[in-house]
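Here the structure comes first, spelled out in structure tokens, and everything after it is commentary.
First listed ligand is number 1; within each ligand, the first listed atom is number 1.
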Amino acid sequence: MEITFLGTSSGVPTRSRNVSSVALRLTQRGEIWLFDCGEGTQHQLIRSDLRTSQIRRIFITHMHGDHIFGLMGLLASCSMAGTVTEMDLYGPPGLDRYIESCRRWSQMHLHYELRVHTVEPGLVYGDGEYSVTCGPLHHRVTAFGYRIQEADRPGRFNVEKAQALGIPFGPVYGQLKQGKIIILDDGRSFNGNDFCEPPESGRSLVYCTDTIYCDTAIQLAYQADVLIHEATFAHQDADMAHQRLHSTSTMAAEVAAAAQVDLLFLTHFSPRYAPGNALRVEDLLTEAQAIFPNSKLAKDFLTYELSRHRISQ
Ligand SMILES: [Zn+2]
Ligand SMILES: [Zn+2]
């Protein structure tokens with residue numbers, strides 16, 4: 001499970017930051033899930049190590065242009081490449097009509113099946129291994145945050161230990177694996193739990209943008225491994241954050257602290273903090289770290305791998 005930031009600027013692109021998009025690479029199944037798709041996202045994909053042909057699902061937070069204007073170009077290119085066989089899109093009400101209108105007026109014919117799902121708070125997608133839920137955020141238009149949760153995995157069965165103890169191969173191995181107590185013909189008994197390593201907890205990622213500070217973001221992000229939260233403004237520009245229903249870096253850090261996440265990535269920075277200005281994104285980081293020390297700045301093409309943790313018993 002690996003995230004790559006493809007765009008980290010709010011509203012308009014700058015020289016070093018494109019508009020919003022984050023790719024989640026599910027390494028083992030060779031799939032990429034995109035979160036938001038601002039204009040130019042397909043160019044960012046081409047410049048990254050990611051393969052566009054692996055995109056399987058796209059989740060949209062809200063209908064503002066800096067989060068969706070890259071969709072049609074990317075969907076069309078996926079069709080021309082002929083490497084995509086199906087695609088699922090998830091997003092707020094209106095996404096389905098937006099896609100339908102663009103397809104109709106540009107006479108766009110896709111060579112794969114495109115399904116558009118209108119999301120509501122709660123479960124959006126689940127397949128046993130991963131589930132995606134969404135929660136309402138507080139922005140000028142309907143906006144949703146997404147939580148991607150991986151299921152816990154049972155710990156590895158220590159087959160070498162069982163062999164060393166002379167336990168004969170057979171169905172008893174399956175029973176030990178399930179943590180059961182077995183009795184062999186020679187009278188010896190073993191507890192399966194002594195052969196299983198601690199289970200591994202599923203990883204979790206939460207993506208909250210665009211929004212001003214809100215309790216639903218805290219609920220959605222509760223104890224997540226990684227929270228990606230917008231930080232459009234610095235605290236000294238909090239007036240603008242309140243007017244436009246965006247977050248300050250302080251608000252993002254407060255959400256991370258209240259939700260007890262492991263790591264916070266700040267993103268969706270206003271171009272007013274681009275290099276050359278009095279206040280810079282590094283100042284937004286300092287501001288966040290004063291409240292939530294494990295805060296980092298997102299930047300375009302930054303890749304971060306989420307690691308597994310053993311559940312202590
Ligand atoms: Zn935005
Ligand atoms: Zn917005």
Heteroatom N/O/S of [X] within less than 2.8 Å of the Zn ion (ligand 2):
X	value
Asp66	no
His67	no
His64	yes

[X], [atom1] atom: more than 12 neighbouring heavy atoms under 6.0 Å:
X	atom1	result
Asp186	CG	yes
Arg140	CZ	yes
Arg29	CZ	yes
Ile46	CD1	yes

Where the Zn ion (ligand 2) is the vertex, angle from His139 NE2 to His62 NE2 to 10° = 100°
To the nearest 10°, how many degrees is the angle Asp210 OD2 to the Zn ion (ligand 1) to His268 NE2?
->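 That angle is 100°.
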Looking at Tyr146 versus Trp33, is the centre-to-centre ring distance below 6.0 Å?
-> no
